[in-house]
Student: 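Got a structure here, written out as structure tokens. Questions coming.
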Protein chains: 2
Amino acid sequence: MDLFISKYFNKIDKKGRISLPSSFRNVLPKANRNEIILYKSIKSSSIEGCGVGRLKEIAKRINNLDFFSEDYDDFSTSIFSEIVTTNVDKEGRFLIPEELKLYAGIKTEAAFFGQGHFFQIWEPKQGLKNTEDSRRRLLKEKKSLRMMLTQQK
Amino acid sequence: MDLFISKYFNKIDKKGRISLPSSFRNVLPKANRNEIILYKSIKSSSIEGCGVGRLKEIAKRINNLDFFSEDYDDFSTSIFSEIVTTNVDKEGRFLIPEELKLYAGIKTEAAFFGQGHFFQIWEPKQGLKNTEDSRRRLLKEKKSLRMMLTQQK
DNA sequence: TGGGATTATATGGGCGTCAATGGGTATATG
DNA sequence: CATATACCCATTGACGCCCATATAATCCCA
């Protein structure tokens, strides 16, 4: 499986380390399995993460913008300077930077939510609540949900 | 990772030295890891920097402007004549020229902001404010920032 | 097929290494 | 000769690597 799926609740130890769920590690390309990128989610108080490969895609896109435009700087600043790379140790653990932990309200435990091509890290309770909320929103529009699930390709 | 990513806040010591963040040093080609170039940003009161190899890329971008336009001369002059090269010592530190420090309002501390293929050096508070401002501008066009981050392939 | 054995995962902790920083001294350069 | 700058060494704290353990999952063979 090459997608981030399911959810996991892991602990942060005294040194600040937390295990990246094993199934998530397996999604990362064997080449760069010891490095991930993290950034603040745009739409929620959670952290989003993925493998470094994705970053190169983003870099390419930004590079195609007009170098002398204001947009270029805005994108470049908001993305490159806000993204952090983190090393995953041999045991599959990594450190969540303090600033990101603050942003997401994470203290001693964190929840990983698979999102397909990326994943989110939440303060456990907030994460569960978010899942409920989004499911509730979806069910209000059952029709569109059914369409999304059944309409293949 | 071969991109300048994330942000770092380092101190300037009595001798005027400041550490280039370790992850930034690793972006520089092993051959010229002890030399960087610095110049005043055209668009903000910050210093921009990169490895010497990037000069060619800058030249190309300027060359792509209309040769007979006023912009061409302005950019060409503003950038090329203002570029300075600086040596990075064995411990990874370098000196920011006085004129550039003045331009950016830097005194005892500086913030490094990754910008992909180059980086910016800011007076810490101004740098943080700039990040907020540019993010605010982008969030007005939420869709485009999300596309930049999530678009596949 | 059941139950013991092997493997994997999450977690804990010791310790060496590296990054950021400080300072002394040599060297260069005008 | 005076000032600036590079090299060398030292310190501190953070982080990566190694080893260890407990629990869970898987295997495997009688």
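Naming convention: chains lettered A, B, ... in sequence-line order (proteins, then strands); numbering from 1 in each chain.
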Student: Keeping Q115(B) on the side-chain end and F118(B) on the backbone end, is there a donor-acceptor pair under 3.5 Å?
Tutor: no
Student: Got a second to check how far S44(B)'s OG is from D133(B)'s CG, nearest 0.5 Å?
Tutor: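 Result: 11.5 Å between the selected atoms.
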Student: For K40(A) and L100(A), work out which heavy atoms get closest and say how close.
Tutor: CG-CD2, 3.6 Å
Student: Looking only at side chains, do S23(B) and Y8(B) share a donor and an acceptor under 3.5 Å apart?
Tutor: yes
Student: Determine whether a donor-acceptor pair (N or O, by modelled atom type, separation under 3.5 Å) exists between the side chain of R25(A) and the backbone of L20(A).
Tutor: yes
Student: With a 4.0 angstrom cut-off to heavy atoms of chain B, pull out the first and last contacting nucleotide of DNA chain D, in 5'-to-3' order.
Tutor: dT5(D) to dC9(D)
Student: Reading DNA chain C in the 5' to 3' direction, which nucleotide is the first one with an atom under 4.0 Å from a heavy atom of chain B, and which is the last?
Tutor: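 Contact span on the strand: dA19(C) to dT25(C).
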Student: Would you mind reporting whether N26(A) and R33(A) have side-chain heavy atoms less than 4.5 Å apart?
Tutor: yes
Student: Measure across S134(A) and T131(A) and return the closest heavy-atom pair with its distance rounded to 0.1 Å.
Tutor: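 Taking every non-hydrogen atom into account, OG-O, 3.1 Å.
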Student: Using heavy atoms and a sub-4.0 Å distance, could you list which residues of residues 3-27 of chain B are near DNA chain C? By number, please.
Tutor: N10(B), K11(B), D13(B), K14(B), K15(B), R17(B), S19(B), L20(B), P21(B), S22(B), R25(B)
Student: Taking C-beta and beyond as the side chain, do I47(A) and Y39(A) meet within less than 4.5 Å on heavy atoms?
Tutor: no
Student: First locate atom OG1 of T86(A), then atom CD of E35(A), and finally report the distance between them rounded to the nearest 0.5 Å.
Tutor: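 If we round to the nearest 0.5 Å, T86(A):OG1 and E35(A):CD are 8.5 Å apart.
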Student: Sub-3.5 Å donor-acceptor pair from the side chain of K43(B) to the main-chain atoms of S69(A), do we have one?
Tutor: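 Such a contact is found between K43(B) side chain and S69(A) backbone.
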